[in-house]
Visitor: 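Could you have a look at this structure, given as structure tokens, before my questions?
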Amino acid sequence: MKKHHQIAVIGAGPAGLAAATEAARQGAAVVLFDEQPSPGGQIYRAIEGTSPAQKEILGKSYRHGETLARAFRDSAVDYRPGTTIWQLSAEREIGISQNGVAGVVTADQVIVATGALERPFPIPGWTLPGVATAGAAQILLKSSGLIAEKAVFVGSGPLLYLVVAQYLRAGAVPRALIDTTAPGKQWRAFPHLPGALRRWDLLREGMAWMKEIQRSGIKVVKSATDLSIEGAGEAEAVSFRDAGGKRQRIACDQVFLHQGVVPNVNLTMAAGCRHFWDAQQLCWHPQTDDWFTSSLPGISIVGDGAGIAGALAAEQAGRIAANGALKNLGHFDAAEAKSRSGPDRRSLKRERAIRPFLDQWFRPRDENRIPANAEVVVCRCEEVTARDLRAGIALGAPGPNQLKAFCRAGMGPCQGRMCGLTVTELMSAETGRPPEEIGFYRLRPPVKPLTLGELAALSLTDNG
């Protein structure tokens, strides 16, 4: 028989840790699966093993993860680190892989907390060795205390400034910060300022990062356009036009790209959860109710995987979803569940208030999301270019799934995580149809690579 659990949580970031800890505290039998070797997710990565000096470099917000991780470790949660989830079905069957052994378990309630991905940044040269995301630069710093020398950071969004500020505290001076935010965006964000002021402390923290960067004396370029990464076999320089239209070139060994984060929806889409296109955050969001329950009964989606709102909002959503799951299991009635989740709901509303302001200010440029250059690789797995995609669209492919037949975009091991948004938006731009009509790839398990050996030896029992 398949091993059965009351509540299964997928992901050990702030949402997953909070959900699992809360559910276990209320007496439920909870299992938590996570790919990483220790709890924290991306935002609190390696929080348990980071030195005090490193924690000072990474900042106060990072240190908050200690509280979450400690409460989680003190709970009765059955923790399964190093576990890849390759399937989630509408019947709440969860495909797991650990230490090269695959299996399937089931649960009465599943809480998905798979977090966010960095948005694709398809510009010339983005596939060269030496080019990565700003999140990858932060992973190096958090996991190993490593920093990249002779680096240039390119893009827009709060995370870009945070990582550069962290690099400076670590003693690394990047070659440049090239900001692609369009001029005037702050004024378009201004109508949302009253809501953002509810988290004045976050705005003040962001301004502190900017001041750190200004005081450092590193080159900061504003409103950059026409980006290109140059190199013969590896990244050697970043080329761009400045706000005045002048062409500039900065030599470097490493390039870190970033233009915001988007929900990681591959698992929930493959499960059959209903999703919609969010025109403000320019990405797909799962449809959820007040308890973060998806369109499939018994499956909840929390944290940035349900919509980008930040780490504290993810934590609050995790506890709300846990109380919803406990209500569904009969641990208490709806009135008590509502009462228990009241403080988190009020805090969540406050956390979300800043998002419209940030989303408008740091809205990524069209040219950096939808490549005009025909030679830009969009699907990295299958090396499909923008030219290939447009040729398939011209032949009449109505959506991403049909486009696969013409050019194989989205058929690689990442299952569209690196190209899916670009393909949807490019098709929308070429055809004049809205993204919600274009749709996304029809995803199928396994959503993460699984070896034939694991499939052949698939165990339908879980021996722990």
Side-chain angles (χ1 to χ4, degrees), residues 117-129 131-133 154-156 180 182 224-232 235 238-241 245 247 255 257-263 265-266 269 275-284 363-444:
L117 299 168
E118 287 183 83
R119 184 188 297 277
F121 204 144
I123 58 173
W126 79 308
T127 59
L128 284 170
V131 183
T133 65
V154 183
S156 64
T180 61
T225 58
D226 195 14
L227 299 164
S228 179
I229 301 168
E230 301 175 0
V238 178
S239 173
F240 58 93
R241 294 190 186 278
R247 195 82 199 171
V255 181
L257 302 173
H258 179 79
Q259 54 177 349
V261 295
V262 296
V265 296
N266 277 41
M269 279 194 167
H275 291 69
F276 66 93
W277 179 261
D278 186 302
Q280 292 302 312
Q281 294 193 342
L282 299 170
C283 56
W284 298 101
R363 185 182 179 91
R365 290 178 183 263
D366 290 354
E367 68 182 78
N368 295 331
R369 303 188 335 267
I370 309 167
N373 187 317
E375 304 308 319
V376 169
V377 172
V378 174
C379 175
R380 299 168 66 110
C381 297
E382 299 293 330
E383 299 184 340
V384 179
T385 65
R387 183 196 308 280
D388 299 326
L389 291 171
R390 288 190 170 93
I393 295 167
L395 289 171
N401 296 298
Q402 294 79 9
L403 195 59
K404 287 180 181 180
F406 293 95
C407 62
R408 293 186 58 82
M411 294 183 73
C414 93
Q415 291 239 34
R417 277 184 288 274
M418 292 298 294
C419 70
L421 284 177
T422 307
V423 169
T424 293
E425 289 206 277
L426 192 150
M427 293 193 81
S428 175
E430 290 294 305
T431 63
R433 295 155 53 213
E436 54 266 31
E437 185 180 321
I438 296 293
F440 197 70
Y441 294 124
R442 188 176 298 111
L443 300 173
R444 294 286 186 267

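The model shown is predicted, which means the values in this text are computed figures rather than measured ones.
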Visitor: What do the steps show when you test Val384 against Val377 for side-chain contact (heavy atoms from CB on, under 4.5 Å), and what is the final call?
Guide: CA-CA 6 Å; Val384 179; Val377 172; over 6 Å; no
Visitor: Sequence neighbours left out, what passes side chain to side chain contact (heavy atoms under 4.5 Å, CB included) with Ala386? Give chain and number order.
Guide: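 Listed in chain order: Pro371, Val378, Arg390, Leu426.
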Visitor: Near Glu430 CD, under 6.0 Å, is it more than 12 heavy atoms from other residues, nucleotides or ligands?
Guide: yes
Visitor: Could you tell me the separation between the CZ atom of Arg363 and the CD atom of Gln280, rounded to the nearest 0.5 Å?
Guide: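 So the gap between those two atoms works out to 6.5 Å.
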Visitor: Could you work out, with side chain to side chain contact (heavy atoms under 4.5 Å, CB included) as the rule, every residue matching Met418, not counting sequence neighbours?
Guide: Trp126, Arg380, Cys414
Visitor: To the nearest 0.5 Å, what is the distance between CZ (Arg433) and OG (Ser428)?
Guide: 8.5 Å
Visitor: Please enumerate all residues that pass side-chain hydrogen bond (donor to acceptor under 3.5 Å, both in side chains) together with Glu230, with sequence neighbours excluded.
Guide: Arg249
Visitor: To the closest 0.5 Å, what do you measure between OG1 (Thr180) and NE2 (His258)?
Guide: 9.5 Å
Visitor: Rounded to the nearest 0.5 Å, what separates atom CD1 in Ile123 from atom CG in Leu227?
Guide: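 Spacing of CD1 (Ile123) from CG (Leu227) equals 5.0 Å.
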Visitor: For a 4.5 angstrom cut-off between non-hydrogen side-chain atoms, does Pro364 reach Arg119?
Guide: yes
Visitor: I'd like to know if Asp226 pairs up with Arg247 as an ion pair, taking the criterion as any Lys NZ or Arg NE/NH1/NH2 lying under 4.0 Å from an Asp or Glu carboxylate oxygen.
Guide: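 Looking at Arg247 together with Asp226, the answer is yes, because their closest N to O distance falls below 4.0 Å.
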Visitor: Once side chain to side chain contact (heavy atoms under 4.5 Å, CB included) is applied, do any residues pair with Thr133, and if so which ones, sequence neighbours excluded?
Guide: Glu118, Ala136
Visitor: With Arg369, which residues qualify under side-chain hydrogen bond (donor to acceptor under 3.5 Å, both in side chains), at least two apart?
Guide: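 With sequence neighbours excluded, Arg369 shows a side-chain hydrogen bond (donor to acceptor under 3.5 Å, both in side chains) to Asp366, Glu425, given in chain and number order.
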Visitor: Side chain to side chain contact (heavy atoms under 4.5 Å, CB included) with Phe406: which residues, sequence neighbours excluded?
Guide: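 Here the qualifying residues are Leu395, Ala397.
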Visitor: Contact between Leu403 and Met427 at the side-chain level, heavy atoms closer than 4.5 Å - yes or no?
Guide: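 A side-chain contact exists here, since the closest heavy-atom pair is under 4.5 Å.
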Visitor: Decide yes or no for Cys419 and Pro120: does some side-chain heavy atom of the first lie under 4.5 Å from some side-chain heavy atom of the second?
Guide: no
